[in-house]
Q: 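Here it is, the structure, as structure tokens.
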Amino acid sequence: MSKEAIETAIQERVALIAAAESVPLAADSGARIARAVAPTLSRLAGVTLAFEIEPSSYVVVACGEIRE
Amino acid sequence: MTELTAFTLAEIASAIRARKTSSVEVTRALLARIETWQPALNAFVRLEGEEALAVAAAADAALASGRSSGALHGVPLAHKDMYYVAGKLAECGSKVRKGFVAPATSTALAHLEKAGTIRLGALHMSEFAYGPTGHNVHLGPARNPWDPTRITGGSSSGSGAAVAARLVYAALGSDTGGSIRLPAHFCGVTGLKPTYGRVSRANAMPLSFSLDSVGPLARTAEDCALIMDEIAGPDPLDATTAQAPPWDALKTEQASNFTIGIPSAFYTDNLDEDVASTFENALSALRELGVKLVSIKLPDQSAINAAALIVLAVEATSAHAPWLRTRADDYGPQVRARLENGLAFSGLEYLEALRWRAPALAEHLAAIGDVDAIIAPVANSAAPTIAETDVGAGAGAELAIQKITRFMRLANYLGLPSLALPAGFSKANLPIGIQLIGRPFGDERLIALGRAFQAATDYHRKIPSNP
């Protein structure tokens, strides 16, 4: 997807979520938000996750470091 | 400066306990210094001087009759204005919570009060802790004691400024994306972002519940350990602390027992000259102490930063959604814009960012091997000016914020402890720090390393000149 296409998709999504959540947005907010967050979304796009992983799996890994 | 205000927390607590000075004397000395500095710094949002003096007098009377509350008996402190005290204001640097009276006391503050500390007032912060510079459109910016035209860093802006100017011996901050470590770096103090789950967040203002950490800013690593002695540990009011081991600061350990990893990239890219030379000098100091230094290659840090930003954005927006619906105009423009950014992420993206924490932490631990900590700069420059970092709410603001917080997100996303220490000064006489990022629940080893570093250096002893 081109940068423009990604930003357009984000703008459309923001408009939908803001409407669903009843959050008022200025007319130009969608474009601003899309430009601000598009790089973040693209940086995480390559991450793949194992089927069994859940958010609390993190606690298991972190607590494995607790030393007696 | 009076000598009393120049003491460390450890020294003043000991002096009060031994009745070499009194809590009232100490409180008066701090109040006098606050009167001198506050107009220049804007570090306090509320001062409770008379109340503090009354509590100090009671503390002195108790000590005279042989009763001590605890290790910090009679020591005045002040904290970021997001720690609730039952019946007191906690306005969180905001208009939205203007006049909010807390219904309960935060667990961390309750522990500090039980240890005998006295509350001097509440400290400046970025609006809802959602900003890394110390700007605040409602309160005006906090100002750096080393140069009041420059930022303190945020969001624990008042905590950094007040500890650096010797207005308090220590202060609680909070760190969701660098909010303890950035003010420590820019103001020249020591700050510990503890392991996630090590300190209760109960009845402290939330920003991002998966990332928020409560921790101290103080004058030394030893002083941070004293605060952690009181606040660390399990709390039934905060389930994330259920696994927290007892705090056990290592009092003495040979520096030669420690190994530090030096990242081969990312944390050493594009540093300004002053930060680069400070970083190299810190490595030399550690090497001379006998610390083993090894090169390490970390996984992709830009992906970790991105995941942290997604978690932060969605959780902050979720917490603020009720006010965004009804009181959006009461937010400052930049905070409102950042909260609106959270509307851009799907539930799938948010959960993927949360689920990735476990494999990302495992990958990080595999990359660092057996090292006790990795060393990194806190920011790529000393404190910039308030004017040049006043980036507003436009599309470029988020990128400017990400530039300042570039080296921060690893510790927050992976829940790692990180100790920021003064390590030098720029050519313009502005403080520069380093951070030691530890292993999960390895906070005490960071303290031990910090103590060793500060025994061999004197940057933490430097005090800014009176305004």
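Proteins come first, then strands; the chains are lettered A, B, ... in the order of their sequence lines, and each starts at number 1. Just so it is clear, the model here is predicted, and its values are computed rather than measured.
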Q: Give me the atom names and distance for the closest heavy-atom approach of A/I66 to B/Q243.
A: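 Residues A/I66 and B/Q243, closest heavy atoms: CD1-O, 3.4 Å.
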
Q: Report which part of A/A50 has an atom under 4.5 Å of a heavy atom belonging to chain B: side chain, backbone, both, or neither.
A: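 For A/A50, the backbone is the part near chain B, not the side chain.
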
Q: Taking side chain as everything from C-beta outward and backbone as N, CA, C, O, which of these in B/T326 sits under 4.5 Å from a heavy atom of chain A? Side chain, backbone, both or neither.
A: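 No part of it gets close to chain A.
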
Q: Indicate yes or no: at least one non-hydrogen side-chain atom of B/T195 is less than 4.5 angstrom from one of A/E65.
A: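 A side-chain contact under 4.5 Å is absent here.
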
Q: Do B/E340 and A/L25 come within less than 4.5 Å of each other through their side chains, counting heavy atoms only?
A: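 B/E340 reaches A/L25 side chain to side chain.
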
Q: Under 4.5 Å heavy-atom distance to chain B, tell me which part of A/S22 shows up: side chain, backbone, both or neither.
A: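 For A/S22, backbone and side chain are both near chain B.
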
Q: Measuring from A/I33:CD1 to B/L343:CG, what's the distance to the nearest 0.5 Å?
A: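 Answer for the CD1-CG pair, A/I33 versus B/L343, is 6.0 Å.
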
Q: Please report the interatomic distance OG(A/S57) to CG(B/L361), rounded to the nearest 0.5 Å.
A: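 Between A/S57 OG and B/L361 CG, I get 11.5 Å after rounding to 0.5 Å.
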
Q: Less than 4.5 Å apart, side chain to side chain, heavy atoms only: is that true for B/E352 and A/L49?
A: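 They are in contact (side-chain heavy atoms under 4.5 Å apart), so the answer is yes.
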
Q: Taking the side chain as everything from C-beta on, heavy atoms only, tell me whether B/N305 gets closer than 4.5 Å to A/T40.
A: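 Side chain of B/N305 against side chain of A/T40, heavy atoms only: no contact under 4.5 Å found.
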
Q: Can you tell me which portion of A/I10 sits under 4.5 Å from chain B's heavy atoms? Options are side chain, backbone, both or neither.
A: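 The side chain, not the backbone.
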
Q: Going by an N to O cut-off under 4.0 Å, is there a salt bridge joining A/E21 and B/R325?
A: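 Yes, charged N to carboxylate O under 4.0 Å.
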
Q: Between B/A358, B/G442, B/P359, which has the largest tally of heavy atom pairs under 4.5 Å with chain A?
A: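 Heavy-atom pairs under 4.5 Å are most numerous for B/A358.
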
Q: Please rank B/A353, B/A360, B/A337, B/A328 by heavy-atom pairs under 4.5 Å with chain A and give me the top one.
A: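 Among the listed options, the one with the most contacts to chain A is B/A337.
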
Q: Do B/E349 and A/R13 meet the salt-bridge criterion of a basic N to acidic O distance under 4.0 Å?
A: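 Looking at B/E349 together with A/R13, the answer is yes, because their closest N to O distance falls below 4.0 Å.
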
Q: Would you mind reporting whether B/L399 and A/R35 have side-chain heavy atoms less than 4.5 Å apart?
A: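 No, their side chains stay 4.5 Å or more apart.
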
Q: In terms of heavy-atom pairs under 4.5 Å with chain B, which of A/V60, A/V59, A/V23 leads?
A: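 Highest number of heavy-atom pairs under 4.5 Å: A/V23.
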
Q: What residue, out of A/L16, A/I17, A/T48, A/L44, has the most heavy-atom pairs lying under 4.5 Å from chain B?
A: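 Among A/L16, A/I17, A/T48, A/L44, the one with the most close pairs to chain B is A/L44.
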
Q: Could you tell me the separation between the CZ atom of A/R43 and the CD atom of B/Q301, rounded to the nearest 0.5 Å?
A: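 If we round to the nearest 0.5 Å, A/R43:CZ and B/Q301:CD are 12.0 Å apart.
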
Q: Give the minimum heavy-atom separation between A/V61 and B/A362, together with the two atoms involved.
A: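 Distance-wise, the nearest heavy atoms are CG1-N, 4.0 Å.
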
Q: Taking atom CZ of B/F345 and atom CG of A/L41, what is their separation to the nearest 0.5 Å?
A: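 Those atoms lie 5.0 Å apart.
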
Q: Measure the OG-CZ distance between A/S29 and B/R336 for me, rounded to the nearest 0.5 Å.
A: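 The OG atom of A/S29 sits 7.0 Å away from the CZ atom of B/R336.
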
Q: Determine whether more than 12 heavy atoms belonging to other residues, nucleotides or ligands lie under 6.0 Å from atom CG of B/N270.
A: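 No.
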
Q: Using modelled atom types only, decide if a donor and an acceptor are shared between the side chain of A/Y58 and the backbone of B/L414 within a distance under 3.5 Å.
A: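 Indeed, once roles are kept as given, a pair shorter than 3.5 Å links the two residues.
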
Q: How many angstroms lie between atom CZ of B/R357 and atom CD of A/E54, to the nearest 0.5 angstrom?
A: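 Output value for this atom pair is 13.5 Å.
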
